[in-house]
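One structure is given here, and the rest of the page talks about it.
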Amino acid sequence: MGKNKKPPRLKARLPKGLRDIDASEIRARDAMLRAIRDVYESYGFEPLDTPAFEYTDALGKFLPDQDRPNEGVFSFQDEDEQWLSLRYDLTAPLARHVAENYEALPKPFRRYQTGSVWRNEKPGPGRFREFIQFDADTVGASSVAADAEMCMLAADALEALGVKRGDYVIRVNNRKVLDGVLSSIGIDPHADEQLGTRLTILRALDKYERLGSDGVKLLLGDGRKDESGDFTKGAGLTSHQTEPLMKFVMAQEQGRDSTLGSMEGLVQGNEIGQQGIDELRSMDAVLTASGCEDDRVAFDPSIVRGLDYYTGPVFEAELTFEVKDEKGRPVRFGSVGGGGRYDGLVARFKGQPVPATGFSIGVSRLYTALTALGQLKDAEPFGPVVVSVFDKAAIADYQALVTRLRDADIRAELYLGNGKMGQQFKYADQRGAPCVVIQGPDEKERGEVQVKDLIEGAKAAQSVASNEEWRSERPAQFAVSEDKLVEAVREVLARHRD
RNA sequence: GCCGCUGUAGCUCAGUUGGUUAGAGCGCUUGAUUGUGGAUCAAGAGGUCCCUCGUUCGAAUCGAGGCAGCGGUACCA
């Protein structure tokens, strides 16, 4: 048991919930962002960028204190001891921007924005602490036509990304209808002493999709025990109160119109509830007139979304196809986007109400889903052409070959390592190079270069048994005169382009 | 936060009732092949057995506490 004499090494590790993103994902993601941007632009939204962090109070976050440091957001203090936080979404920064530039902006103000957001929460499968969102918002429009437009926008964006109609659905509900139902069972949605109960109820309803009616019933009543044995306290409602809520959450019918009818029956003349129903009815009219049927946008009373933030219609985009993970188990992706009307957010700064509605696409999660669906093609199927270095003294000649390829718009690079030929081929292989260019003294003398097609060669390797044969045959390799280099490489590229 | 499971090589894992120098496969490096990726063969590098304390003649193995990862659940304005 001798002492370890080596100094302890620094452990290379990524902070939890964060990840590095490789070349193929970046390319695929860029393509996604382009597709979404084209849709948002076509709707007339204008781009905006805001910084990664803001003053903590502008995000509407309580200052981190001893009791609850960094709840939900990553925060730090600047040299003046002012609290700053990384943005956790793109909506709060928008509200700040609009309030700060209110007079100069056109109203309604329509902007789109994409970027990373950070959440100081426990990461889970498919959930990270840094992820990309792509938002579109309309600020200063109180008409539900703006809300209807958000739903169409979301549907169009998903289709532009290759999600087929029927493989997704935008589910819509209205917070006013929910409030109406709460009133009908004797819970005042705006009474302070019942805020806690209201939250618990709404959260329970929100889980209908995942837990089913039995689970929701438990959460509305005494509570529910999960698979790990952990117990979640319920809302403590009587079965008298639970019944109408269960009826409501299951009120979805075939088609927006029937769903509205069945929801309306449960609101029963409650003023707020009726107002919510009327809003949904207006949205339905706008959607239908635009040819957006219920296979794309549906009404669903179990949609709740985050809380106290939304004031009217709420939306959620969901993928409906089933996907298996690497172990063959079915995975549910759940929501890949969401949004709604938040009439109160800008008012925090302005003192006057400024109506607003928006939709946010979770790009990172959508990427995972689309990859699983096999929907994303690799935008760049091969690596660069590698020009090998046979003789270090002739490196200038090799660089000239590289330049000629680049001038012909072919991705190419000179091998910059120290390896011998074998290692250079291995490198080219690892890079996914379609071919390697070789020029030894013999070729130089004849004014030729060798072009070796690595993809063809890999196929040929399967039928070659002995190493001698492998080496002497030089599969898929041919000589061309030096001035035909570009044509020869192009031919190899074309051979494997699809 | 709460509940459960798991920590041994870069990765996936084995490791007997507690016993001497902790193993395998894959990967990596080098060579067989001084002008060629693959296959084959050979050699090599690579370990704080998560950490600390305890029990013991002796701990990767047993006990306690911690830490980390994974999963579930909650929270997510």
Side-chain angles (χ1 to χ4, degrees), chain A residues 1-9 11-17 56-57 59-62 68 70-73 85 87-89 91-92 95 117-127 129 199-200 203-204 206-207 210-211 215 219 223-234 305-310 325 327 329 338 342 344-345 348 386 388-391 415 419-433 435-443 450-477:
Chain A
M1 203 152 289
K3 276 263 193 284
N4 191 339
K5 292 186 184 102
K6 287 182 198 162
R9 264 175 303 180
K11 174 118 175 155
R13 58 197 195 118
L14 198 55
K16 101 177 135 183
T56 300
D57 57 2
L59 294 181
K61 183 65 190 169
F62 303 108
R68 303 150 53 127
N70 299 325
E71 176 111 338
V73 296
S85 296
R87 63 189 179 198
Y88 61 86
D89 71 9
T91 310
V117 302
W118 294 267
R119 296 199 184 170
N120 191 359
E121 291 164 4
K122 186 189 153 187
R127 295 181 49 137
R129 292 177 139 195
L199 287 183
T200 312
R203 283 169 194 157
D206 199 31
K207 292 181 177 60
R210 185 156 50 85
L211 300 180
L219 284 173
R224 171 180 177 272
K225 197 180 261 187
D226 70 45
E227 298 153 47
S228 70
D230 193 24
F231 185 76
T232 307
K233 199 167 177 294
R305 304 283 309 162
L307 290 153
D308 283 350
Y309 181 105
Y310 294 116
D325 69 7
K327 287 175 184 144
R329 294 174 305 198
Y342 51 97
L345 252 193
R348 293 192 309 119
V386 172
S388 64
V389 175
F390 188 94
D391 171 11
Y415 176 75
K420 344 187 232 203
M421 291 306 281
Q423 288 168 309
Q424 299 194 27
F425 280 92
K426 217 174 225 175
Y427 169 79
D429 205 33
Q430 235 173 6
R431 291 295 316 273
C435 60
V436 176
V437 175
I438 309 141
Q439 191 180 49
D442 298 350
E443 287 85 7
Q450 295 274 343
V451 176
K452 186 181 181 70
D453 179 339
L454 290 183
I455 299 167
E456 207 55 53
K459 282 184 208 151
Q462 289 165 4
S463 55
V464 176
S466 85
N467 183 258
E468 236 169 80
E469 199 186 334
W470 167 252
R471 291 201 165 204
S472 62
E473 279 198 0
R474 292 180 177 172
Q477 180 170 338

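Computed from a predicted structure; not experimentally measured. In the text below, chain A, chain B and the rest are named by the order of the sequence lines, each starting its count at 1. Side chains are part of it too, since the values below use all heavy atoms of this structure and drop only hydrogens, waters and symmetry mates.
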Side chain of [X] only, please: which of [options] is the nearest?
X: A:Glu443; options: B:C75, B:G35, B:U33; value: B:G35
X: A:Arg210; options: B:U30, B:U73, B:U36; value: B:U73
X: A:Lys420; options: B:G37, B:G35, B:G31; value: B:G31
X: A:Asn467; options: B:A77, B:C75, B:G38; value: B:G38
X: A:Val73; options: B:A77, B:G37, B:G35; value: B:A77

So, does [X] get its side chain near the phosphate of [N], meaning an N or O under 4.0 Å from OP1 or OP2?
X: A:Arg127; N: B:G71; result: no
X: A:Lys207; N: B:C75; result: yes
X: A:Trp470; N: B:G37; result: yes
X: A:Lys426; N: B:G27; result: no
X: A:Arg224; N: B:U73; result: no
X: A:Arg119; N: B:A77; result: no

For this session: Would you mind pulling out the nucleotide paired to B:C2, Watson-Crick or G-U wobble, both distances under 3.5 Å?
Result: B:G72

[N] [atom2] sits how many Å from [X] [atom1], rounded?
X: A:Gln423; N: B:G35; atom1: CD; atom2: P; answer: 13 Å
X: A:Glu468; N: B:A39; atom1: CD; atom2: C1'; answer: 14 Å
X: A:Tyr415; N: B:U36; atom1: OH; atom2: C1'; answer: 13 Å
X: A:Lys225; N: B:G72; atom1: NZ; atom2: C1'; answer: 14 Å

Please tabulate the protein-to-nucleotide N/O contacts below 3.5 Å involving nucleotides 68-70 of chain B, giving atom names and distances.
none

Exercise. A:Glu456 side chain to A:Pro475 main-chain N or O, any donor-acceptor pair under 3.5 Å?
Worked result: no

Exercise. Are A:Tyr88 and B:A77 stacked, counting the six-membered base ring, centres under 5.5 Å, planes under 30°?
Worked result: yes

Problem set entry | Smallest separation among heavy atoms of A:Leu59 and A:Tyr88, with atom names | O-OH, 3.0 Å

For this session: List for me each residue that meets side-chain contact (heavy atoms from CB on, under 4.5 Å) alongside A:Ala95, sequence neighbours excluded, and say none if there are none.
Result: A:Leu345, A:Val346, A:Phe349

For this session: Would you please test A:Phe390 and A:Met421 for side-chain contact (heavy atoms from CB on, under 4.5 Å) and show each step?
Result: CA-CA 7 Å; A:Phe390 188 94; A:Met421 291 306 281; 4.1 Å; yes

